[in-house]
Amino acid sequence: MDEFEFIDHIKQRTYKQNSVVKGIGDDAAIFRPTTNDVVTAVDTFVENIHFTSKTTTPFHVGYRALAANISDIAAMGAVPTFYLVSIVVPSEIGEETLLQMYAGMNDIAKNYQMDLIGGDTVSGEQLVISITVIGYLSTQIARYRSNAKENDVVFVTGVLGDSAAGLHILLNELSVKDGSYFINRHQMPEPRVRFVKKLQYVKRIALNDISDGIANELRELAVASDKDIIVHDEKIPIHPSLKQFNTELQYRWKYFGGEDFELVGTVGNRDWLDLEKVAQEIGLKITKIGNVTLKQAKHPQVLLWKDNSLSLLKNEGYIHLK
Ligand code: ADP
Ligand code: MG
């Protein structure tokens, strides 16, 4: 199968979004936005850095890569609509592997009526997938990280550390309680698009998605908003079966594990009740984990209450180009 046959294979026959004017098949795609604000993000995944074939099937590589992108769009308060995929393909990668990757992307895309409207295919030394995602922001009120205000409630959706636990289970071929639950959370994370969509009437929310670990995402919120954030260790939500791992692993995974693609954010006290209500309506767990306060030092900080003392929550997540 050559490049052209491949493109023909992955090309959608029909598009779900009415705003597609030209999809795959010309020099570029065209869409006519249905909202004033169009949100876009790109993420790149490199084999042996972001994934390995040891723990991830091609299907799940595609699924997770697009999930990560969708999560970024959700964290802006927008609804994902389109994606474009650029791939660098080494000669040893067969067509079945590529098609499986696209099947994984298509599997999650269909949950959100997203359309694949373009991409690029080139040969190279290492498998690289770069996905550009486009979404519509209808609220006119983006969920900036800089939106946090003093006295806001700090919240997080779902539970944390599952994805890192799932990866650990896969890497060490462990058989543990709820192993398939953790593995599934690692391979097929669910971006919180529905939750964000239902919150469109709430005026101000600061949001960040948990890709690197909540310690890092909290710091990003604090810095962008120029505030301190205080969180309580015992309030950080984890799955009950995470407790079967030692406390050091639990601590590392819940703060620095990342890739859970849950949302962490802040909202005014009065709107917090609405968030709880919406979360309950869609069966999503949401937990108040702390508060936003005026900064105490020159630079914004994230502080952690743990064992009756307050300390700095350091960022030990994965940082590229370190
Ligand atoms: P050009 O040479 O003009 O860049 P291409 O042959 O690269 O055109 O692409 C032809 C069409 O197929 C375009 O619509 C492009 O967006 C799409 N396309 C190419 N590669 C991919 C890919 N890996 N995934 C999705 N669409 C692709
Ligand atoms: Mg091209």
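Counting starts at 1 for both ligands and their atoms, in listed order.
- Side chain of Lys295 to backbone of Lys298: a donor-acceptor contact under 3.5 angstrom is found.
- Taking only non-hydrogen atoms, the option from Phe4, Tyr83, Tyr102, Phe6 nearest to atom 23 (N) of ligand 1 is Tyr102.
- Under 4.0 Å from ligand 1, heavy atoms of Thr121 appear from its side chain as well as its backbone.
- Here the two rings, on His60 and Phe51, have centers that are 6.0 Å apart or farther.
- With ligand atoms numbered from 1 in the order given, ligand 1 contributes 22 (C), 23 (N), 24 (N) to contacts under 4.0 Å with heavy atoms of Val85.
- Comparing Gly118, Gly119, Ser130 by heavy-atom distance to atom 19 (C) of ligand 1, the nearest is Gly119.
- Here Asp26 has backbone heavy atoms under 4.0 Å from ligand 1, and that is the only part of it that gets that close.
- A salt bridge does not link Lys110 to Asp115: none of the charged nitrogens lies less than 4.0 Å from a carboxylate oxygen.
- Sequence neighbours left out, the pairs with a member in residues 19-45 that pass ring pair (Phe, Tyr, Trp, His ring centres under 6.0 Å) are Phe31-Phe82, Phe45-His50.
- Here is the list of ligand 1 atoms found below 4.0 Å of a heavy atom in Ile87: 23 (N).
- Of all the atoms in ligand 1, the ones that sit under 4.0 Å from a non-hydrogen atom of Glu3 are 6 (O).
- Nearest-residue assignment for atom 3 (O) of ligand 1 (options Asp27, Ile10, Val88, Asp8; heavy-atom criterion): Asp27.
- Residue Tyr181 places its OH atom among more than 12 non-hydrogen atoms of other residues, nucleotides or ligands, all under 6.0 Å distant.
- No part of Lys11 comes within 4.0 Å of ligand 1, judged by heavy-atom distances.
- Donor-acceptor pairing under 3.5 Å is recorded for the side chains of Asp233 and Tyr255.
- Contacts of Ile24 with ligand 1, taken as heavy-atom pairs under 4.0 Å, involve both backbone and side chain.
- Rounded to the nearest 0.5 Å, atoms OG (Ser138) and CG (Asp37) are 9.5 Å apart.
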